[in-house]
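Step one of this worksheet: look at the structure below.
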Amino acid sequence: MENVAAVILAAGKGTRMKSELVKVLHPAAGRTMISWPVDAARAAGAAPTVLVVGHQADAVRGAFAEAADIRCALQEEQLGTGHAVACARQELAGFSGTVLILCGDTPLLRAETLQGLIAFHRQNNAALTVLTAVLDNPFGYGRVVRDASGRVLRIVEQKDATPEERAIREINSGIYCMEAGFLFDNIDSISSDNAQQEFYLTDLVSIAVGQGLACLGSCADDADEIMGVNDRAQLAEAARILRLRINRELMCAGVSLVDPGHSYIDHGVQVGPDTTIHPNCFISGATSIGRGCTIENGVSIKDCVIGDNCHIKAGSVLEGSRLHAAVAVGPMAHLRPGTVLHDHVKIGNFVETKKAVMGEGSKASHLTYLGDAEIGRDVNIGCGTITCNYDGVNKHRTIIGDGVFIGSDVQLVAPVTVGRNSLVAAGTTVTLDVPPDSLAISRVPQVNKEGWRLKKK
Ligand code: UD1
Ligand code: CA
């Protein structure tokens with residue numbers, strides 16, 4: 001849409017969240033609550049968008065510091081929604097098109113709905129169009145009062161409404177389209193003569209009607225979309241709906257979700273077709289997962305790039321790692337940041353890696369810690385191997401060449417290098433570099449004291 005700007009109200013504190021963090025910065029499906037309406041406005045063609053900030057203004061501003069199309073206007077005191085919009089005037093000086101007015105706490109609002117609202121508003125040459133919804137329980141919302149022929153007359157707040165008006169089930173969503181000229185010519189004539197002594201933006205409805213301008217109500221098909229989040233129970237409900245939308249999109253793109261009601265996949269995560277994700281997985285951050293992967297139950301993945309045909313087994317935790325193709329991990333493995341696993345690597349149960357690179361075909365199948373390690377291809381890391389990377393002050397690197405076999409229960413005291421094709425015998429503590437093609441063994445020779453048990457008794 002051309003010539004549309006948006007104003008998003010976000011100055012309120014959100015008292016009912018009972019939080020140190022301002023309401024609109026609480027996360028919902030992997031991003032801040034306010035990012036959702038910001039993106040919906042952007043996708044509907046709005047530019048610029050003005051955020052009206054007040055409580056924790058710097059934090060809200062900071063969250064959009066990188067976005068060139070977002071401006072912020074400060075509302076120092078929260079004197080009402082009308083006053084809040086008036087604060088955006090400076091930032092929209094010279095703008096003469098349609099202004100979308102949204103709230104920062106309606107994360108479920110979709111761009112398509114805004115586009116429909118703008119189109120309806122423009123087709124009817126309206127000065128003001130309000131998005132409404134019909135609710136079974138309209139308590140707390142402003143009610144839309146219409147005349148006998150259905151024309152919108154005014155909006156009355158719950159606290160100012162008569163019993164007859166309170167019986168109206170059509171409510172004000174708090175989302176509007178207004179012509180900039182009408183809006184800024186009239187916003188200063190709003191008074192605070194009402195039950196809450198606030199400047200109500202909704203008064204613009206009766207002002208438009210009084211001037212004989214077209215003032216319309218457009219009823220949303222899906223009342224869920226305009227749901228405002230006031231407390232943590234509503235936040236959880238909104239996040240659940242957002243996740244279901246994300247999950248539906250993934251399924252439409254060829255991803256199998258064993259139980260989409262129990263898949264926690266954040267906004268922005270990419271998953272390729274023919275990948276299957278079992279229940280109770282948490283997938284977040286800058287993560288992409290290739291095609292044909294299996295992610296078993298209870299896996300948590302954050303900021304990872306995972307190639308095709310990988311198998312992540314139950315209970316594994318992956319962060320900041322890069323997996324190439326056909327890698328197997330887990331069950332119950334922990335890949336920490338800086339892990340890079342090339343094709344066909346196998347990481348088994350109770351293995352932890354950190355800043356560890358493993359070449360193609362290498363394996364660490366059981367019970368191992370690999371930190372600050374550079375491991376070549378076709379290396380076998382035996383059960384119980386530990387890279388002793390920390391001397392209490394500094395971290396040191398372990399380098400293991402191609403084709404090395406590390407036996408069980410080996411400690412590699414870094415910095416140390418094991419040359420290609422060498423074998424380190426089980427139980428060895430490696431403190432010296434091992435040349436290529438060698439056997440390294442450090443064991444106290446075994447002594448058998450025959451009859452010892454009998455003498456003890
Ligand atoms: C408002 C509407 C009501 C509508 C409801 C929908 C008015 C007078 N009433 O009521 O008709 O049904 O939204 O949710 O507009 N805000 C500011 N600065 C202020 C006041 C509010 O930025 O001075 C922001 C809040 O942070 C919030 C939004 O505006 O994001 C709505 O404010 P709120 O006080 O929740 O309005 P309601 O009383 O719910
Ligand atoms: Ca509200």
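Just so you know, ligand 1 is whichever comes first in the structure, and atom 1 is the first atom listed for that ligand.
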*Polar side chain donor-acceptor pair, Ser192 to Glu198, under 3.5 angstrom*: no
*asked:* Going by the closest heavy atom to atom 29 (O) of ligand 1, which one wins out of Leu131, Leu9, Asp160?
replied: Leu9
_Below a 4.0 angstrom heavy-atom separation, can you tell me which part of Glu157, side chain or backbone, both or neither, approaches ligand 1?_
side chain
*asked:* For Ala356, is there any backbone N or O sitting under 3.5 Å from a side-chain donor or acceptor partner on Glu374?
replied: no
*asked:* Heavy atoms only, cut-off 4.0 Å: how does Thr106 contact ligand 1, side chain, backbone, both, or neither?
replied: neither
*Could you tell me which atoms of ligand 1, counted from 1 in the order shown, lie closer than 4.0 angstrom to a heavy atom of Ser173?*
6 (C), 14 (O)
_Cys103 N/O under 3.5 Å from ligand 1 N/O_ = no
*Check each atom of ligand 1 against the heavy atoms of Gly12 and keep those under 4.0 Å away; list them by number with element.*
22 (O), 26 (O)
*When you check the side-chain N and O atoms of Thr98 and Arg122, is any donor under 3.5 Å from an acceptor?*
yes
*Just jot down the ligand 1 atoms closer than 4.0 angstrom to any heavy atom of Gly142, in number order.*
3 (C), 4 (C), 11 (O), 12 (O)
*Output the list of atoms in ligand 1 that are nearer than 4.0 Å to some heavy atom of Ala84, sorted by atom number.*
17 (C), 18 (N), 22 (O)
*Please answer whether the main-chain N or O of Ala180 pairs with a side-chain N or O of Ser96 as donor and acceptor at a distance below 3.5 Å.*
no
*Just by distance, with hydrogens left out, do Ser191 and Asp193 show a side-chain donor and acceptor under 3.5 Å apart?*
no
*asked:* For the 3.5 Å polar cut-off, considering only N or O atoms, please tell me whether Tyr141 and ligand 1 meet it.
replied: no
*Are any of the side-chain heavy atoms of Arg143 and Pro138 separated by less than 4.5 Å?*
yes
*Pick whichever of Gln75, Met227, Glu198, Gln158 has a heavy atom sitting closest to atom 18 (N) of ligand 1.*
Gln75
*Looking at Ala10, which atoms of ligand 1 are within less than 4.0 Å of one of its heavy atoms?*
22 (O)
*Just let me know how Ala11 lines up against ligand 1, side chain, backbone, both or neither, with a heavy-atom cut-off below 4.0 Å.*
both
*Please work out which of Asp203, Ile34, Asn172 has its closest non-hydrogen atom nearest to atom 12 (O) of ligand 1.*
Asn172
*asked:* Below 4.0 Å from ligand 1: does a non-hydrogen atom of Gly54 turn up there or not?
replied: no
*N/O separation below 3.5 Å, Gly80 to ligand 1*: yes
*Are a donor atom and an acceptor atom from the side chains of Glu157 and Asn172 found within less than 3.5 Å of each other?*
no
*With heavy atoms of Leu79 as the reference, note each atom of ligand 1 found under 4.0 Å away.*
23 (O)
*asked:* Can a side-chain donor-acceptor contact be found between His83 and Gln78 if the only test is distance below 3.5 angstrom?
replied: no
*asked:* Would the distance check show the side chain of Thr275 and the main-chain N or O of Gly292 forming a donor-acceptor pair, the cut-off being under 3.5 Å?
replied: yes
*Let me know which of Ile306, Val271, Val305 forms a side chain to side chain contact (heavy atoms under 4.5 Å, CB included) with Ser288.*
Val305
*Of the side chain and backbone of Val52, name the one, both, or neither that has a heavy atom under 4.0 Å from an atom of ligand 1.*
neither
*asked:* Quick one about Thr353 and His334 (side-chain donor to acceptor, distance below 3.5 Å, no hydrogens or angles considered), yes or no?
replied: no
*Please identify which atoms of ligand 1 are closer than 4.0 Å to at least one heavy atom of Tyr200.*
8 (C)
*Enumerate the residue pairs fulfilling salt bridge (charged side-chain N to carboxylate O under 4.0 Å, His left out) with a member in residues 354-368, sequence neighbours excluded, ordered by first and then second residue.*
Lys354-Asp372, Glu360-Arg377
*Numbering as shown, the atoms of ligand 1 that approach Thr202 to under 4.0 Å (heavy-atom distance)*: 7 (C), 8 (C), 11 (O), 15 (O)
